[in-house]
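A short worksheet on the structure shown next.
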Amino acid sequence: DEVERRFDPGQCSDQRFRFVNVAVDDFDPFHDDLQRWLGEHGGFVADTTLSRTEGTVGYATLRVRVPSVALDTLVGWTRE
């Protein structure tokens, strides 16, 4: 995946982790916005687990990778 190749975890000696819960009314627009944000900030979705009920996403778990300098910005973005 090209996005994963652009991100080099070796560039960051500082590794930080955050768990963030986000509630959205419609998953697909959120996911599209997240993909755009990650592309602009050098990150990517590393893993996604979706639970669908009657064709809609009931809940999702996404593991994203971003450079450590973008982590706080990402957390702030999810609060908007």
Evaluate Arg63 against Val45 for side chain to side chain contact (heavy atoms under 4.5 Å, CB included), listing each step before the verdict. CA-CA 6 Å; Arg63 184 169 54 97; Val45 176; over 6 Å; no
Side chain to side chain contact (heavy atoms under 4.5 Å, CB included) evaluation trace for Val57 with Arg52: CA-CA 4 Å; Val57 175; Arg52 293 188 180 270; 3.6 Å; yes
Do Leu34 and Trp77 pass the side chain to side chain contact (heavy atoms under 4.5 Å, CB included) test, and can you show the C-alpha distance, the side-chain angles, and the key distance before you say yes or no? CA-CA 9 Å; Leu34 176 64; Trp77 177 84; 3.7 Å; yes
Could you walk me through whether Thr56 and Phe27 pass the side chain to side chain contact (heavy atoms under 4.5 Å, CB included) check? CA-CA 8 Å; Thr56 61; Phe27 176 78; over 6 Å; no
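Proximity of Leu74 to Trp37: side-chain heavy atoms (C-beta onward) are separated by under 4.5 Å at one or more points. Inter-residue side-chain proximity for Thr48 and Thr61 is flagged as unmet; no heavy-atom pair is nearer than 4.5 Å. Inter-residue side-chain proximity for Val69 and His41 is flagged as unmet; no heavy-atom pair is nearer than 4.5 Å. Looking at heavy atoms from C-beta onward, Leu38 lies in side-chain contact with Val64 at the 4.5 angstrom threshold.
The nearest pair of heavy atoms linking Ala60 to Leu50 is CB-CD2, 3.3 Å. Across all their heavy atoms, Pro67 and Gly42 have their closest contact at CD-O, 3.4 Å. The two residues Arg65 and Ala46 have their closest heavy-atom pair at CG-CB, 3.9 Å.
The distance from atom CG of Asp26 to atom NE2 of His31, rounded to the nearest 0.5 Å, is 12.5 Å.
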